[in-house]
Engineer: 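Questions regarding the structure given below will be posed in turn.
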Amino acid sequence: MNDSRLPSAYLRPGTSSFSDFLAEQAPDLLPGTRAVPQGNAGDLAPHGTTIVAATFPGGVVLAGDRRATMGNIIAQRDIQKVFPADEFSAVGIAGTAGLAIEMVRLFQVELEHYEKIEGSTLSMDGKANRLSALIRGNLAMAMQGLSVVPLFAGYDVRADQGRIFSYDVTGGRYEETAFHSVGSGSLFARGSLKKLYRDDLDATSCVEVVVQALYDAADDDSATGGPDLTRRIFPVVQVITAEGGHRMPDDEVAAIADRVINARMARPDGPTAPLTGGDRA
Amino acid sequence: MSTPFYVSPEQLMKDRADFARKGIARGRSVVAVQYADGVLFVSENPSQALHKVSEIYDRIAFAAVGRYNEFENLRIAGVRLADMRGYSYDRRDVTGRGLANAYAQTLGTIFSSGGEKPYEVEIFVAEVGDSAEGDQLFRLTYDGQVADEHGFAVMGGQVEQVATALESTFTERAPLADALAGAVSALGQGEAGQRIIPTRDLEVAVLDRTRTQTRKFVRLTPARLDALLGERGPATPGERTSGDGRREGGGSSVPLVDDPADPTDQVSGSVAPLEDPTSGEPPIAPPT
């Protein structure tokens with residue numbers, strides 16, 4: 001500590017990206033740069049599972065169950081897998097929980113850092129591309145079983161609508177329309193969303209749709225946690241509109257989950273969809 | 001080979017200090033006031049894009065006067081330092097004191113090293129606490145000195161006049177509207193008496209501990225300023241002192257010219273802030 005002067009690299013004009021700066025100054029802090037010995041490390045660490053997202057006119061909802069698993073063991077019952085990325089976006093993560101949470105932390109700083117340095121926020125596509133770059137940096141780890149697959153959702157202030165982006169392990173970025181899900185229970189969740197989703201939902205009924213989807217995922221996928229009635233643990237739900245994003249308070253999510261469960265008491269498979277559709281036309 | 005003149009170290013330091021002080025005194029003042037819910041920054045700054053007051057971290061803000069490129073560099077370094085520390089430790093481990101120390105060491109080293117031109121800047125670093133007792137306001141000068149300020153502080157040109165005016169109206173833990181009115185009227189204090197600064201020429205920001213978000217820094221928009229300041233009487237554009245060519249009133253008719261060869265002029269013309277004014281070369285590679 002004989003020289004506490006700011007290092008000259010800090011004073012050099014240049015990048016507005018925090019992860020680029022980190023790569024230059026402290027590469028050991030980047031999630032994807034560590035050398036992992038050969039072999040599959042996938043069973044060593046907890047895995048997060050199902051994330052679902054759906055848009056409604058004026059916003060988007062992102063929700064995740066609360067279970068993390070390690071093989072056949074439930075590693076954690078109340079893990080948080082949906083995080084606000086900035087005021088108008090949120091990211092939900094499936095895959096290796098430790099790496100994923102670190103990546104989310106880096107992504108949050110990345111967006112805030114850009115905003116502070118440039119004095120303006122990144123565009124929705126800009127944010128999605130930055131996340132893409134972070135995932136790509138993790139490819140070596142993904143090859144050894146430590147993959148991270150996020151779902152990114154946010155309100156695009158310029159386009160005035162909610163948008164959803166999905167990713168693959170190589171950093172491929174795909175925009176989804178209406179709804180999407182990732183993680184081990186995603187197939188069941190997506191089937192449920194297909195039947196329940198419609199494009200004239202309001203925020204509360206959209207949350208109800210995603211809670212139904214998570215219930216269906218938990219119903220058929222052992223790695224996805226359903227609503228935990230004895231411990232009162234319910235999904236984390238992030239609602240983002242033109243006014244910004246907020247995590248829906250637990251008691252509101254609990255009320256919706258209780259309603260869903262009560263209806264399932266009568267019909268365990270959930271609400272029925274009309275056979276031919278077109279009933280609203 | 002000619003023998004260099006002997007310059008005593010005292011004289012050398014005094015010359016450097018005078019040089020820096022002159023550069024700082026040329027700009028307009030920035031005022032920081034501690035009010036009931038945090039810290040308020042007010043400055044007269046007609047530019048909407050080039051800020052004198054900015055956010056560094058959740059509870060920390062930065063204000064500066066002097067040469068734009070120099071304090072902008074320090075601001076970016078501060079953001080990087082804070083984000084780096086917050087990322088590798090925790091958000092709560094980023095403190096205003098730590099940042100003020102880093103700035104002080106940097107400015108001090110640059111000031112006393114012969115090879116570098118001293119920075120012509122003066123800086124406030126403010127941190128807002130959970131209660132008014134936890135609020136901190138540091139003033140850093142061009143030579144790396146740090147002062148812990150209480151209540152209010154002024155830097156830039158016309159410090160004495162503004163400080164005297166502010167002292168007469170300042171009350172501890174005043175509500176935002178009162179603190180703002182006092183600061184704005186103090187900034188309007190000039191040799192030719194009181195003038196009304198139009199709200200579009202004011203740059204105002206607060207660190208507000210009552211905000212629910214973790215980031216406590218917020219800029220006040222002209223609409224919000226109008227509501228807070230209320231009716232302030234007619235703006236008097238005719239009332240200005242333009243003897244030294246400095247723009248005093250709301251709409252000065254004295255055209256200020258940009259002279260690229262003069263590093264001390266106040267107008268950057270069409271040259272971007274960090275551009276080299278003589279060569280016109282952009283200083284940064286575009287982000288990839």
Side-chain angles (χ1 to χ4, degrees), chain A residues 1-31 83-84 86-88 101-123 126 129-130 133-134 243-247 249, chain B residues 48-51 54-58 60-62 69-91 94 98-110 112-113 116 119 144 212-215 217 219 273-275 282-288:
Chain A
M1 285 295 284
N2 51 3
D3 189 15
S4 42
R5 177 183 171 169
L6 286 163
S8 63
Y10 283 62
L11 288 158
R12 200 180 305 138
T15 178
S16 327
S17 159
F18 182 69
S19 59
D20 289 358
F21 183 69
L22 214 53
E24 228 174 79
Q25 292 304 310
D28 53 309
L29 289 177
L30 280 178
F83 301 88
D86 67 354
E87 204 180 338
F88 289 103
I101 288 169
E102 193 178 1
M103 194 179 285
V104 169
R105 241 160 68 79
L106 180 59
F107 185 53
Q108 288 168 329
V109 179
E110 176 88 11
L111 298 187
E112 187 190 321
H113 189 78
Y114 182 92
E115 194 182 322
K116 286 191 290 199
I117 298 241
E118 294 291 319
S120 62
T121 50
L122 274 168
S123 66
N129 286 338
R130 284 316 301 171
L134 295 186
E243 276 84 55
H246 70 279
R247 178 174 168 179
Chain B
Q48 302 294 312
L50 311 178
H51 296 300
S54 345
E55 174 185 17
I56 296 281
Y57 211 64
D58 291 354
I60 303 171
F62 169 97
N69 66 332
E70 292 176 352
F71 70 67
E72 176 70 2
N73 254 2
L74 288 172
R75 179 185 78 84
I76 289 176
V79 170
R80 286 174 175 164
L81 185 76
D83 277 343
M84 179 74 101
R85 191 162 295 175
Y87 179 68
S88 48
Y89 299 100
D90 185 76
R91 296 194 80 87
V94 180
L99 186 70
N101 259 334
Y103 279 147
Q105 296 294 343
T106 309
L107 287 169
T109 318
I110 292 173
S112 48
S113 84
E116 287 173 276
Y119 272 26
T212 47
Q213 292 92 325
T214 51
R215 291 164 72 181
F217 181 87
R219 289 184 193 283
L274 292 176
E275 206 167 89
I284 328 168
T288 46

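Just so it is clear, the values below take in all heavy atoms, side chains as well, and ignore hydrogens, waters and symmetry mates. A note on names: the letters A, B, ... follow the listed sequences, proteins ahead of strands, and every chain is numbered from 1.
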Engineer: What closest approach, in Å, do Thr109(B) and Arg5(A) show between heavy atoms, and which atom pair accounts for it?
Structural biologist: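 Here Thr109(B) and Arg5(A) meet closest at CG2-NH1, 3.6 Å.
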Engineer: So, Arg80(B) side chain and Phe18(A) main chain: donor-acceptor pair closer than 3.5 Å or not?
Structural biologist: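 Not at all, since once roles are kept as given, no pair shorter than 3.5 Å links the two residues.
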Engineer: About how many Å separate CD1 of Ile76(B) and CD1 of Ile117(A), when rounded to the nearest 0.5 Å?
Structural biologist: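 The CD1 atom of Ile76(B) is 5.0 Å from CD1 of Ile117(A), to the nearest 0.5 Å.
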Engineer: Only counting residues at least two apart or in another chain, list the ones meeting side chain to side chain donor-acceptor pair (under 3.5 Å) with Asn129(A).
Structural biologist: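 Here the qualifying residues are Arg173(A).
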Engineer: Is it the backbone or the side chain of Glu110(A) that comes under 4.5 Å from a heavy atom of chain B, or both, or neither?
Structural biologist: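 Contact with chain B is absent: no heavy atom of Glu110(A) under 4.5 Å.
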Engineer: What residues form a ring-ring contact (aromatic ring centres under 6.0 Å, His included) with Tyr10(A), not counting sequence neighbours?
Structural biologist: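 Tyr10(A) satisfies ring-ring contact (aromatic ring centres under 6.0 Å, His included) with Phe21(A) once adjacent residues are dropped.
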Engineer: Select one option (side chain, backbone, both, neither) describing which atoms of Phe217(B) are under 4.5 Å from chain A's heavy atoms.
Structural biologist: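 Contact with chain A involves no heavy atom of Phe217(B) at all.
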Engineer: Nearest heavy-atom pair of Met84(B) and Ala26(A): which atoms, and what distance?
Structural biologist: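 Reported closest heavy-atom pair: CE-CB, 4.0 Å.
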Engineer: To check you understand the geometry: which heavy-atom pair defines the closest contact between Leu29(A) and Tyr87(B), and what is its length?
Structural biologist: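 Closest approach of Leu29(A) to Tyr87(B), heavy atoms only: O-OH, 3.4 Å.
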Engineer: Between atom CD of Gln25(A) and atom CG of Leu81(B), what is the distance when rounded to the nearest 0.5 Å?
Structural biologist: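 Going from the CD atom of Gln25(A) to the CG atom of Leu81(B) covers 11.0 Å.
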Engineer: Rounded to the nearest 0.5 Å, how far apart are CG of Leu6(A) and CD of Gln105(B)?
Structural biologist: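 Spacing of CG (Leu6(A)) from CD (Gln105(B)) equals 9.5 Å.
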Engineer: Should we say atom CZ of Arg85(B) is surrounded by more than 12 heavy atoms from elsewhere, each under 6.0 Å from it?
Structural biologist: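 Not more than 12 within 6.0 Å, no.
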Engineer: How long is the straight-line distance from OG1 of Thr212(B) back to NE2 of His246(A), given to the nearest 0.5 Å?
Structural biologist: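 Output value for this atom pair is 12.0 Å.
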Engineer: Using heavy-atom distances under 4.5 Å, tell me whether Gln108(A) contacts chain B through its side chain, its backbone, both, or neither.
Structural biologist: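 No part of Gln108(A) comes within 4.5 Å of chain B.
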Engineer: Below 4.5 Å, heavy atoms only, C-beta onward: do Glu87(A) and Arg215(B) meet side chain to side chain?
Structural biologist: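 No; the side chains remain at least 4.5 Å from each other.
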Engineer: Quick check: do Lys116(A) and Ile56(B) have side-chain heavy atoms less than 4.5 Å from each other?
Structural biologist: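 Lys116(A) vs Ile56(B): side chains apart.
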